[in-house]
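In what follows, a single structure is set out as structure tokens and then discussed.
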Amino acid sequence: MELIRVIVILAQCVWPLWTQVIHLTDMYGTIKSPNFPESYPKEIDLQWNISVPDGYQIRLYFMHFDIEPSYLCEYDYLKVYSDSEELAVFCGKENTDTEQVPADDVIMSPRNVLSVAFRSDFSNEERYSGFEAHFSVVDVDECRDRNDEDLACDHFCHNYISGFYCSCRYGFLLHSDNRTCKVECHESVYTERSGEITSADFPKPYPKSSDCMYRIELEEGFQITLEFDDTFDIEDHPEVTCPYDFIKINAGDKEFGPFCGEQSPGKIQTGSNTVNILFHSDNSGENLGWKLTYTSTGSECSPLAAPLNGHLEPLQSNYVFKDHIIMTCDPGYSLRQGDEEFEHYQIECQRDGKWSSDVPLCKSNSSGSSLPSTILS
């Protein structure tokens, strides 16, 4: 008999071995303790599982709450959670050091599911009237609430009921992932002898998921020099060389790079009149990018001396490809080359480092022959 009594006592002290589950999918509704507003029964194990479509949250608030108080809500309690995340545990009629009631609090589910579990033990010495709660669906403002870089829009976020969409600034295209903004990089060709090239949006973070080709193309006889700005910031990896974003440079039969990280490549003498610069970025990162200036130098021609009784314009210490010199003579003299006479004579430094013509001589006009006003170039 004593053994039977012990078993009965133990059975009275444990919770029910099964839980009654009620599934709710409405956009709003009410949850009440059994018999509300009368006192709730003993040994209740009841759970309401609320689920709504993606893009919504669930708002829960209480109009009445009166559950048996106990230290840390060990006896009767109401628990609110979402998936496995516990949001609140309530019991009692007012807040104390060890008990918490919902009062005017509003509970928002972090996702589109919310569960409310109500438990009562084997005793209810006083009359406790239980609870009444209301729930309703709230649209999630993904544009405001998303902190996850993998889910956020690159440029503009537009919220609508139960969802959102992304768009990009002028000049950018939306990637197939529907959140990343990339640039449509047609090959940019630079034919000026000097200039500046930057990553898109520099010094703001450059676009993701892009492959941009920049081509500098000058006449043969020029050699291009690249100089990167000290502000250089391309996503890198501490152990692998430039696996994510990088710059690669091809100049004739030479290759430079890949370059990434925060160390500027500095000055690069390409030795070529054509340079291809490839900049690749993957689908992540917020790095500032890069800027470079390019200059060119031509093949150098040997210095020239003015002919006797003549002048050179412009007079320089050195002359390079595409430089021109105009020769003139003092009054009473004219430029002569063979049987031809000239008032002015122009020669040009060529790509092979040679002048386009020999320097003519300045000869006296004392013979009185008329001079044509020809300029040879």
Side-chain angles (χ1 to χ4, degrees), residues 187-198 213-230 249-257 264-277 290-367 369-377:
E187 184 176 292
S188 300
V189 180
Y190 298 79
T191 57
E192 299 294 327
R193 290 177 59 177
S194 62
E196 181 178 281
I197 304 174
T198 69
M213 179 69 78
Y214 309 88
R215 180 174 175 82
I216 307 171
E217 193 171 290
L218 305 181
E219 291 182 62
E220 289 185 24
F222 287 109
Q223 295 185 353
I224 298 167
T225 299
L226 308 177
E227 184 158 11
F228 283 87
D229 196 84
D230 289 339
I249 299 170
N250 286 290
D253 57 357
K254 298 178 183 177
E255 290 188 359
F256 304 90
S264 170
K267 182 179 287 190
I268 299 175
Q269 303 277 5
T270 68
S272 174
N273 65 305
T274 60
V275 174
N276 291 310
I277 303 167
W290 51 272
K291 179 176 80 171
L292 66 82
T293 55
Y294 74 88
T295 55
S296 59
T297 54
S299 303
E300 190 167 332
C301 288
S302 58
L304 289 178
L308 185 65
N309 301 311
H311 307 276
L312 303 179
E313 286 290 339
L315 192 60
Q316 300 174 182
S317 59
N318 67 306
Y319 298 90
V320 296
F321 179 46
K322 287 290 184 179
D323 281 348
H324 295 79
I325 291 179
I326 296 177
M327 302 178 185
T328 57
C329 294
D330 294 333
Y333 292 86
S334 62
L335 290 163
R336 297 186 186 181
Q337 194 170 55
D339 295 331
E340 295 185 88
E341 294 183 357
F342 312 97
E343 288 185 354
H344 305 83
Y345 194 86
Q346 179 175 290
I347 61 175
E348 178 181 322
C349 181
Q350 302 178 114
R351 67 170 62 101
D352 60 2
K354 296 180 180 179
W355 292 102
S356 58
S357 172
D358 292 332
V359 176
L361 300 176
C362 287
K363 294 188 177 181
S364 173
N365 297 328
S366 58
S367 62
S369 60
S370 60
L371 296 175
S373 56
T374 307
I375 298 178
L376 180 66
S377 61

Working to the nearest 0.5 angstrom, can you tell me the gap between Asn309 CG and Thr328 OG1? 11.5 Å

Do the side chains of Glu255 and Ile249 get nearer than 4.5 Å, heavy atoms only? no

Do Glu217 and Thr274 make a side-chain contact, defined as non-hydrogen atoms from C-beta onward lying under 4.5 Å apart? yes

Show your reasoning for whether side chain to side chain contact (heavy atoms under 4.5 Å, CB included) applies to Cys301 and Phe321. CA-CA 7 Å; Cys301 288; Phe321 179 46; over 6 Å; no

Ignoring hydrogens and geometry, is there a side-chain-to-backbone donor-acceptor pair from Ser194 to Tyr294 under 3.5 Å? no

Could you check whether any side-chain N or O of Ser296 sits under 3.5 Å from a backbone N or O of Arg193, counting only pairs where one atom can act as donor and the other as acceptor? yes

Let me confirm one number: the CZ-OG distance from Arg336 to Ser364, rounded to the nearest 0.5 Å. 7.5 Å

So does Lys322 pair up with Glu219, basic N to acidic O under 4.0 Å? yes

Determine the minimum heavy-atom distance between Gln337 and Phe342, stating which atoms define it. CB-CE1, 4.2 Å

Could you pull out the closest heavy-atom pair between Cys349 and Ser299, with the gap in Å? SG-O, 3.7 Å

Least distance between heavy atoms, Asn273 atom then Glu220 atom: ND2-N, 3.6 Å

Between Glu348 and Asp323, does the side chain to side chain contact (heavy atoms under 4.5 Å, CB included) criterion hold? Intermediate values first, please. CA-CA 6 Å; Glu348 178 181 322; Asp323 281 348; over 6 Å; no

Working to the nearest 0.5 Å, report the span between OG1 of Thr270 and NZ of Lys254. 7.0 Å

Minimal heavy-atom distance between Asn318 and Gln316, with the atoms involved, is O-NE2, 2.9 Å

Do Asp229 and Leu292 have side chains that get closer than 4.5 Å, going by heavy atoms? no

Please name the pair of heavy atoms, one in His311 and one in Cys329, separated by the smallest distance, quoted to 0.1 Å. CD2-C, 4.4 Å

Mind running side chain to side chain contact (heavy atoms under 4.5 Å, CB included) on Met327 and Val359 for me, showing each step along the way? CA-CA 8 Å; Met327 302 178 185; Val359 176; 3.3 Å; yes

Looking at every heavy atom in both Asn276 and Arg215, which two are closest together, and how far apart are they? OD1-NH1, 2.9 Å

Using 30° and 60° as the class limits, which term best fits the ring planes of Trp355 and Tyr319: parallel, tilted or perpendicular? perpendicular

So among Leu226, Val275, Asn250, Ile268, which one has a side chain to side chain contact (heavy atoms under 4.5 Å, CB included) with Phe256? Ile268

Check the pair Ser264 / Asp230 against side chain to side chain donor-acceptor pair (under 3.5 Å), numbers first and verdict last. CA-CA 6 Å; Ser264 170; Asp230 289 339; 4.8 Å; no

In this structure, NE2 of His344 is separated from CD of Glu313 (nearest 0.5 Å) by 10.5 Å

Report yes if some heavy atom in the side chain of Ile216 is under 4.5 Å from a heavy atom in the side chain of Ile197; otherwise report no. yes

For the residue pair Gln223 and Gln269, establish whether any side-chain heavy-atom pair is separated by less than 4.5 Å. no

Is there a side-chain contact between Ile224 and Leu218 (heavy atoms, below 4.5 Å)? yes

Just verifying a value: how many Å separate Glu196 CD and Tyr190 OH, rounded to the nearest 0.5 Å? 9.5 Å

Given the side-chain rings of Trp290 and Tyr214, with only the six-membered ring counted for Trp, is the space between their centroids under 6.0 Å? yes

With a cut-off of 6.0 Å (strictly less than), are more than 12 heavy atoms of other residues, nucleotides or ligands near CG of Asp352? yes

Heavy-atom side-chain proximity of Leu335 to Leu361 below 4.5 angstrom: no

